[in-house]
Amino acid sequence: MTGKIDSQLLKGVLTGCILQLLTQEELYGYTLSERLADNGFSEISNGTIYPLLLSMEKKGWITGQMRESESGPKRKYYSVTPDGQAELLHFKNQWQLLKQNVNQVMRGAEDE
């Protein structure tokens, strides 16, 4: 068994994780990727992260601002909007319910 998480399982979870990380600090894509890796999501490619950021920006959950960089071209830093904060709260509530239900099923399976 590999340590890689199934991509279908990750779809909705990554959005919530990105919103959470962006509430802690403004990040650009590469540093966001590093923060995800630091939290166990080392298999997530930039090809996955950037489309998610674009989608979240279009939905109004995050905003991006270009800033000068000390080492290279400008970088787009992302921060969470009030709508993004509301979406994060919704995600956290849904996650708790899902986690509770899955744990209940798994405990029942262990009893068999």
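Values in this document were obtained by computation on a predicted structure and should not be read as measured data.
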Colleague: Considering only Ile, Leu, Val, Met, Phe, Trp and Tyr, and joining two whenever side-chain heavy atoms are under 4.5 Å apart, list the other residues clustered with Leu97.
Modeller: none
Colleague: The criterion is side chain to side chain contact (heavy atoms under 4.5 Å, CB included); which residues satisfy it with Lys99, sequence neighbours excluded?
Modeller: Trp95, Gln96, Asn103
Colleague: Kindly write out the residues that satisfy side chain to side chain donor-acceptor pair (under 3.5 Å) with Glu26, not counting sequence neighbours, or none if the list is empty.
Modeller: Arg67
Colleague: My understanding is that only residues two or more places apart in sequence, or in another chain, count here; which of them pass salt bridge (Lys or Arg N to Asp or Glu O under 4.0 Å) with Lys59?
Modeller: none
Colleague: Among all residues two or more places apart in sequence or in another chain, which pass the side chain to side chain contact (heavy atoms under 4.5 Å, CB included) test with Thr31?
Modeller: Leu27, Tyr28, Glu34, Arg35
Colleague: Residues two or more places apart in sequence or in another chain: which of them pass side chain to side chain donor-acceptor pair (under 3.5 Å) with Ser42?
Modeller: none
Colleague: Quick check: do Phe41 and Leu14 have side-chain heavy atoms less than 4.5 Å from each other?
Modeller: yes
Colleague: For a quick test of reading the model, state the closest non-hydrogen atom pair linking Ile44 to Ser33 and the distance between them.
Modeller: O-OG, 4.3 Å
Colleague: Can you tell which of Thr15, Leu22, Ile18, Val80 makes a side chain to side chain contact (heavy atoms under 4.5 Å, CB included) with Trp61?
Modeller: Thr15
Colleague: Test of understanding: with side chain to side chain contact (heavy atoms under 4.5 Å, CB included), list the residues that count as partners of Glu57, not counting sequence neighbours.
Modeller: Ile62, Lys76, Tyr78
Colleague: If you count every heavy atom of other residues, nucleotides or ligands that lies below 6.0 Å from Tyr30 atom OH, does the total exceed 12?
Modeller: no
Colleague: Listed by chain and number, what are the side chain to side chain contact (heavy atoms under 4.5 Å, CB included) partners of Gln24, not counting sequence neighbours?
Modeller: Gln20, Leu21
Colleague: Quick one: list whatever passes side chain to side chain donor-acceptor pair (under 3.5 Å) with Ser69, sequence neighbours left out.
Modeller: Arg75
Colleague: Let me confirm one number: the CG-CG distance from Leu88 to Asp83, rounded to the nearest 0.5 Å.
Modeller: 12.5 Å
Colleague: Among residues at least two apart in sequence or on other chains, which ones pass side chain to side chain donor-acceptor pair (under 3.5 Å) with Thr23?
Modeller: none
Colleague: Report yes if the side chains of Ile49 and Asn46 come closer than 4.5 Å at any heavy-atom pair, otherwise no.
Modeller: yes
Colleague: Test question: given the 4.5 Å side-chain rule for I, L, V, M, F, W and Y, name all other residues clustered with Met66, or answer none.
Modeller: none
